There are 2 protein chains.
Amino acid sequence: MVHDPRAPAARRVVDEEARGAGSGASLDDVARLAGVSASTASRALNNHPQVAAATRERVLTAAAGLDYVVSPEASRLAGGTSRARVAVVVPHLSRWFFGRLLEGLEAGLHEGAGPGVDVLLFLVGDVAGRRAFFEQLPARRRVDAAVVVGFEVDEAERARLELLGVHIVSAGGPREPFPSVTVDDHRAARQAVDHLVHLGHRRIALLASEDPADRGPDLRSTGYRDALADAGPEPDDDLVVRVPFGGPGGAEGMGRLLGLRRPPTAVFATADEIAGGAVRTLRRAGLRVGADVSVVGIDDHPVAEVLDLTTVAQPVHEQGLVAGRMVRALLAGDAPGAVTSRILPTHLILRGTTGPPP
Amino acid sequence: MVHDPRAPAARRVVDEEARGAGSGASLDDVARLAGVSASTASRALNNHPQVAAATRERVLTAAAGLDYVVSPEASRLAGGTSRARVAVVVPHLSRWFFGRLLEGLEAGLHEGAGPGVDVLLFLVGDVAGRRAFFEQLPARRRVDAAVVVGFEVDEAERARLELLGVHIVSAGGPREPFPSVTVDDHRAARQAVDHLVHLGHRRIALLASEDPADRGPDLRSTGYRDALADAGPEPDDDLVVRVPFGGPGGAEGMGRLLGLRRPPTAVFATADEIAGGAVRTLRRAGLRVGADVSVVGIDDHPVAEVLDLTTVAQPVHEQGLVAGRMVRALLAGDAPGAVTSRILPTHLILRGTTGPPP
DNA sequence: AGTCTGACCGCAAGCGCTTCCACGCGGACC
DNA sequence: GGTCCGCGTGGAAGCGCTTGCGGTCAGACT
């Protein structure tokens, strides 16, 4: 921003430069070329029924010839209809889960007819970034809806958005009091651990992400705990290992477990990516995965297929899809209360990394 | 807000509904509450030096109390400073490469001080979607710059954007006549294949993605061909297999190679994800990867680490980062010619899936 | 003491568009 | 043959903000 009052011209020049050549054609130009008034030109361009076909044609031609594009600012400001804007807030993008979910979200947001929406991307890795998002959003940008992916929104944040009239939906995170779509992580973990129990395992380890932000209150860990509690084996804290998210973390955690006096016969990892690392360590140690030691993960990440990893699949793309539809419903005027949250089912996929204990 | 008793009220109501509760506070409200004129309020909010500290304080307090947020439309329309908008155009999101690159891009776009930018996400999977993007962009939305990730932009498309004053930069795709950042895929392929050649392999297969859109004109394949041509082994079409991108594709392609009368002793896959599938097939077939058959990929995808896969790493995050900086330079007024394209280096990472032929 | 200089502030003019209203006009009607 | 009607159009009023310009004071000068 230039404060010097003597420099209006300068600012304009900078502006032009910054914005590029920028077609300068305005609605008035189009109207003039078509020999009509701006009002008529506007009506013609907006497909108003009240303009004569011939006139409309003339206006459209003029607009095309001038490479005219409406100024979205002016249009929206003047009360014209304009595409909705939705913010997508994600903590990561390089993890498969988030990318995949976003693909579904995109599909859900654009499916059907309608005017379509613009998607604003906000990558808020850490808590600070998240807080900044919720504080800044109002300050300068403005969206009609926000979908948060994979993390919990606290009440204050939600209230702030609602105050601004921003719809909010959550996908792939914890259950929320507002429209959300997710899976039952607690149950998914139980499916995984129950499977190990049914195979006869008693010493089952937990390999969990140490990042508290991952999957909110760690339902997958409590699912593990509850499954064990029901099954009989008394908990052994040595068998619970927390590691950084990802393959290297899993590999290192598995190493620690192998160093135990009484190593586990099976391992439940809270994510396939962690499980993958564990598998690698086991193989390197010369152990046969699925025979000497069983490993099960969650997600059905592509790596699971490659590793022949038993896992509990969750419908990631679909969570995004459903969330996208929810946003559209909200944007169409449905009351938030009328948009029902959904919990999508998960299911065990049997592959080669699990088997009875040796 | 005064309500005209007649028709306008109806419009307003619809608006309110569509936009949600929407705080109604306008600049005038703030000004009134603070006991100043709108001009002064505006200046105070925009940190203009010409307002008395006490006044500014009063305005800020009023604004906070009213939960006031500027209307970006009005602000931008009136010539106020506003954050730039950049479109990010990607063909996929669930693939690691794109997500990872976008993380770098985000970082590059937001680094340093400056006003920051808004990122509009466009997911254009197929050619039709891409075409639609380049045609639609002008129609309704408006961005200041676009970065295309991982695909080629044809001259007509580029010209269209330039006409509209939209800067464009390319990342992770082919080299372009406009600012772009990428790696030398041809060279990367050579690094991989040369490695196999140096180990003594003569029958080296190519496992390539069949999607012609992947990596544009398939430089990795030609890199393979050229490396072989230089090394001596005469080309054998049986050893060239094209498969759908991904693990399953790689697995199936490897199966085909294994069925050959004279199977290869080494395989070069144009992506780690494909290589991963190949490794799986080999293991299932009871072959020792790295001893009986060597496999090398490209990318240094996380799966490579887990599979202990030899690969040629490319700096994905950094490509995004550099692209983001280029956009900022362009937005700051640098001429496109002054922003030099970059080709980032790749390097071989030796792991366990390659070794001398049996 | 009179003038001058700034610091602060209000006025008003738009930014480019949409929409309400009024208006002219030709045909359908009695 | 004069109304009435409705279609197609232009005029004008904003949407909410920014900013050049000019006015109003308080001190700081001479």
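Since this is a predicted model, take the numbers as computed values, not measurements. Residue numbering restarts at 1 for every chain, and letters A, B, ... go by the order of the sequence lines.
A heavy-atom distance below 4.5 Å is found between the side chains of A/H167 and A/L331. The shortest side-chain heavy-atom distance between B/V59 and B/L33 does not fall under the 4.5 Å cut-off. In this structure, A/S42 and A/N46 have side chains that are in contact, with non-hydrogen atoms separated by less than 4.5 Å.
As a whole-Å value, the separation of A/Y68 OH from C/dT18 C1' is 11 Å. The CG-C1' distance, from B/L45 to D/dT19, rounds to 15 Å in whole Å. One interatomic measurement links the two molecules: CG of A/D28 to P of D/dG11, which rounds to 11 Å at whole-angstrom precision. Taking atom CD of residue B/E57 and atom P of nucleotide C/dC8, one finds them 15 Å apart after rounding to whole Å. Nucleotide D/dT18 holds its P atom 13 Å from the CD atom of A/E73, rounded to whole Å. When the P atom of C/dC15 is taken as reference, atom CG of B/L27 falls 19 Å away, rounded to whole Å.
The base of D/dG20 is paired with the side chain of B/R43 by a donor and an acceptor separated by under 3.5 Å. For A/S42 and C/dC17, a side-chain-to-base donor-acceptor distance below 3.5 Å is absent, hydrogens and geometry of angles not being considered.
The listed nucleotides are D/dT18, C/dG10, D/dG8; the one nearest the side chain of B/N46 is D/dT18. Comparing C/dT18, D/dG10, C/dC15 by their closest approach to the side chain of A/V36 singles out D/dG10. The side chain of A/A74 lies closest to C/dG16, out of D/dG10, C/dG16, C/dC9. Relative to the side chain of A/L77, the nucleotides D/dT9, C/dG16, D/dC17 differ in distance, and C/dG16 lies closest.
Annotation: of the two residues near DNA chain C, B/V51 and A/H48, the 5′-most nearest-nucleotide partner is B/V51. Comparing A/A41 and B/S37, the nucleotide of DNA chain C nearest to each residue sits closer to the 5' end for B/S37. For the pair A/Q50 and A/S39, both in contact range of DNA chain D, the more 5′-proximal nearest nucleotide belongs to A/Q50.
Among all heavy-atom pairs drawn from A/F178 and A/S341, the shortest one is O-OG, 3.3 Å.
A/F98 and A/H92 have tilted rings, their planes meeting at an angle from 30° to 60° on a 0 to 90° scale.
For D/dT9, the OP1/OP2 oxygens have a side-chain nitrogen or oxygen of A/T55 closer than 4.0 Å.
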